[in-house]
Colleague: 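To start, I am sharing the structure in question, which I have written as structure tokens.
Predicted model, so just to flag it, every value in this text is computed and none were measured. We name chains A, B, ... by the order of the sequence lines, and we start the count at 1 in each one.
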Amino acid sequence: MEPFVFFGGKGGVGKTTVSCAYARKCADAGVDTLVVSTDPAHSVSDVFDQQFGDSPEPVEGIDGLHALEIDPDEEVTAHLDDIRNRLSDQVSASMVNEINKQLEMAHQTPGAYESALFDRFVEVMRGSDPYDRVVFDTAPTGSTLRLLGLPEFLEDWVDRLMYKRRQSIDLFEKAAIGNNEPRRVMDGDPVLERLQERKEFFEFAGGALREDAAFFLVLNPDQLSVNETARAVDDMNAEGLGVSGLIANKLTPAPDDDENGRGARYLRDRIETETDRLDQVRASLDPPLLAEIETRTEEIRGDLLADVAAELDVDVDPETPSFV
Amino acid sequence: MDLSERIDAFLDALDEWLRGLYHGMISHPAYEKIEKEAEDLEDAFLLACFPDAFGIPSPVSYYTAEILPYIEDEFKAWERRLWDRNTMLERKGQQYHF
């Protein structure tokens with residue numbers, strides 16, 4: 001199994017439960033594991049009944065398991081402050097105000113939050129050395145797909161910006177005839193350097209996602225969830241990120257055979273529907289259905305997590321990263 | 001002043017005049033033109049980096065904000081050119097010397 005494992009799916013299908021259970025399964029097998037929540041509505045803290053922050057903390061009671069919840073707001077502020085500091089070092093006081101306006105505008109756009117989330121998420125992958133496995137509990141399908149598609153998109157964009165910058169510097173150099181000093185110089189241009197750094201960052205993210213990551217989709221045995229999963233599988237394929245497997249969660253338990261009350265009849269009907277939906281999944285979707293987890297009567301925490309972990313037929317052996 | 005010195009002085013003056021003419025008629029307009037083209041490209045670069053300044057949202061402005069500390073001169077010149085520029089035709093027209 002790849003070092004980075006992602007669990008995605010529609011809202012409320014149990015991504016957090018499944019990713020925590022899988023993380024626990026890895027940790028129990030002696031694999032040093034970090035579970036990371038990228039969903040702004042964090043619930044990893046709730047599963048382990050312990051508050052996690054933006055840096056990895058050991059999970060109490062489980063050896064070899066750490067957890068962290070990415071906080072994009074903190075990252076946006078840190079990013080803004082960092083640029084502000086460099087701004088006051090480099091830029092004359094009269095221009096600082098002017099440029100500050102631009103700076104604040106860039107940090108208030110809706111995209112800023114997404115970018116900060118992406119930055120932190122790539123930072124976590126970059127700093128994953130102490131762990132053999134990093135499990136990502138992602139946000140619901142739509143936003144995660146956007147997040148995973150970002151590296152390629154942003155790389156293109158930065159490429160175009162660098163091309164434009166090079167063109168204008170080239171002309172400035174050509175315009176400086178005789179002993180004239182060119183207004184901009186290609187060698188050591190700080191703008192190109194910055195853009196290059198960013199380009200490498202996006203390249204790393206894209207490479208890590210393509211080479212060293214496995215994606216699993218969690219679904220519930222109902223039509224909406226099955227349809228959404230089918231779309232997600234297609235979208236992921238289009239991004240070049242294949243889905244390794246599907247996990248069905250919240251299956252209805254069967255009643256005993258001798259029961260015939262209203263409750264038992266309800267359960268049998270429900271099971272019939274669910275069996276049909278799961279047959280659809282097996283027949284029409286490419287990725288294999290790796291686990292069928294029954295619904296529990298209470299929230300999955302503590303010992304129940306170990307039970308669910310046992311039902312997850314997903315490989316845990318760590319693999320040496322090929323890209324990172 | 002003997003003849004050879006007068007000839008040298010004449011040649012020097014001629015050389016200066018020819019240089020001046022060449023600079024004024026050929027090289028200066030040429031480099032001015034190139035520089036203006038470079039400025040136009042730089043404007044396009046800045047617009048691509050900071051379209052928010054014109055109310056156009058950009059997915060990369062979070063990242064391009066990182067280069068703000070290094071483009072003080074460009075930023076100033078960009079703003080000035082935006083104020084001064086009336087029409088694109090005028091700007092491009094200035095770059096032709098008939």
Colleague: Decide if atom CZ of F54(B) counts as having more than 12 heavy atoms of other residues, nucleotides or ligands within a radius under 6.0 Å.
Modeller: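 Yes, CZ of F54(B) has more than 12 neighbouring heavy atoms, counting only those of other groups under 6.0 Å.
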Colleague: Any chance you could lay out the side-chain contact (heavy atoms from CB on, under 4.5 Å) test for R184(A) and E74(B), step after step, and finish with the verdict?
Modeller: CA-CA 10 Å; R184(A) 318 256 182 270; E74(B) 285 91 330; 3.3 Å; yes
Colleague: Given side-chain contact (heavy atoms from CB on, under 4.5 Å), test Q90(A) with E72(B) step by step and report yes or no.
Modeller: CA-CA 8 Å; Q90(A) 306 267 343; E72(B) 185 183 11; over 6 Å; no
Colleague: With a 4.5 angstrom heavy-atom cut-off, could you sort out which part of F201(A) is near chain B: side chain, backbone, both or neither?
Modeller: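 Contact with chain B: none, neither part.
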Colleague: What distance separates Q167(A) CD from D40(B) CG, expressed to the nearest 0.5 Å?
Modeller: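 Going from the CD atom of Q167(A) to the CG atom of D40(B) covers 11.5 Å.
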Colleague: Can you list the residues of residues 99-109 of chain A that sit under 4.5 Å from chain B, counting heavy atoms only?
Modeller: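 Listed by number, the contacting residues are I99(A), Q102(A), L103(A), M105(A), A106(A), H107(A), T109(A).
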Colleague: Give me the atom names and distance for the closest heavy-atom approach of V91(A) to P69(B).
Modeller: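 So the two residues come closest at CG2-O, 3.5 Å.
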Colleague: Would you compute the distance between atom CG of L41(B) and atom CD1 of I169(A) and round it to the nearest 0.5 angstrom?
Modeller: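 Separation between the atoms: 11.0 Å.
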Colleague: Check this for me: D15(B), atom CG, are more than 12 non-hydrogen atoms of other residues, nucleotides or ligands nearer than 6.0 Å?
Modeller: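 Enclosed.
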Colleague: List for me each residue that meets salt bridge (charged side-chain N to carboxylate O under 4.0 Å, His left out) alongside E239(A), sequence neighbours excluded, and say none if there are none.
Modeller: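 If we apply the salt bridge (charged side-chain N to carboxylate O under 4.0 Å, His left out) test to E239(A), skipping adjacent residues, there are no hits.
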Colleague: If every non-hydrogen atom of Y62(B) is compared with every non-hydrogen atom of A116(A), which pair is closest and at what distance?
Modeller: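 Scanning both residues, the minimum pair turns out to be OH-CB, 3.6 Å.
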Colleague: Apply side-chain contact (heavy atoms from CB on, under 4.5 Å) to residues R86(A) and Y70(B) and explain how you reach the verdict.
Modeller: CA-CA 9 Å; R86(A) 274 184 287 140; Y70(B) 308 98; 3.2 Å; yes
Colleague: Please classify the contact of E79(B) with chain A as side chain, backbone, both or neither, using a heavy-atom distance under 4.5 Å.
Modeller: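 Looking at E79(B), just its side chain touches chain A.
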Colleague: May I ask you to test the C49(B)-L161(A) pair for a side-chain heavy-atom distance under 4.5 Å?
Modeller: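 Yes, side chains in contact.
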Colleague: Given a strict heavy-atom distance threshold of 4.5 Å, which part of Y113(A) is in contact with chain B: side chain, backbone, both, or neither?
Modeller: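 Y113(A) has no heavy atom closer than 4.5 Å to chain B.
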Colleague: Can you tell whether the side chains of K164(A) and E42(B) come within less than 4.0 Å, N to carboxylate O?
Modeller: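 Salt bridge between K164(A) and E42(B), a charged N being under 4.0 Å from a carboxylate O: no.
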Colleague: Which distance, rounded to the nearest 0.5 Å, do you find between the CD of E66(B) and the CG of D82(A)?
Modeller: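 With rounding to 0.5 Å, CD (E66(B)) is 8.0 Å from CG (D82(A)).
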Colleague: Quick check on R84(A) against chain B: is it the side chain, the backbone, both or neither that has a heavy atom closer than 4.5 Å?
Modeller: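 No part of it gets close to chain B.
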Colleague: Has R165(A) got its NZ or CZ under 6.0 Å from the middle of the six-membered ring of F45(B), at an angle within 45 degrees of the ring axis?
Modeller: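 Positive - R165(A) is close enough to the ring of F45(B) and near enough to its axis.
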Colleague: Using a cut-off of under 4.5 Å for heavy-atom pairs, which of L195(A), V191(A), D170(A) has the most such pairs with chain B?
Modeller: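 Option with the top pair count is V191(A).
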Colleague: Return the option, out of S88(A), A176(A), P190(A), P182(A), with the maximum number of heavy-atom pairs under 4.5 Å with chain B.
Modeller: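 Maximum pair count with chain B is reached by P190(A).
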Colleague: Given a strict heavy-atom distance threshold of 4.5 Å, which part of F153(A) is in contact with chain B: side chain, backbone, both, or neither?
Modeller: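 For F153(A), the contact with chain B is made by the side chain alone.
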Colleague: How about Y63(B) and D119(A): does a side-chain donor come under 3.5 Å of a side-chain acceptor?
Modeller: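 Side-chain D/A pair, Y63(B) to D119(A): present.
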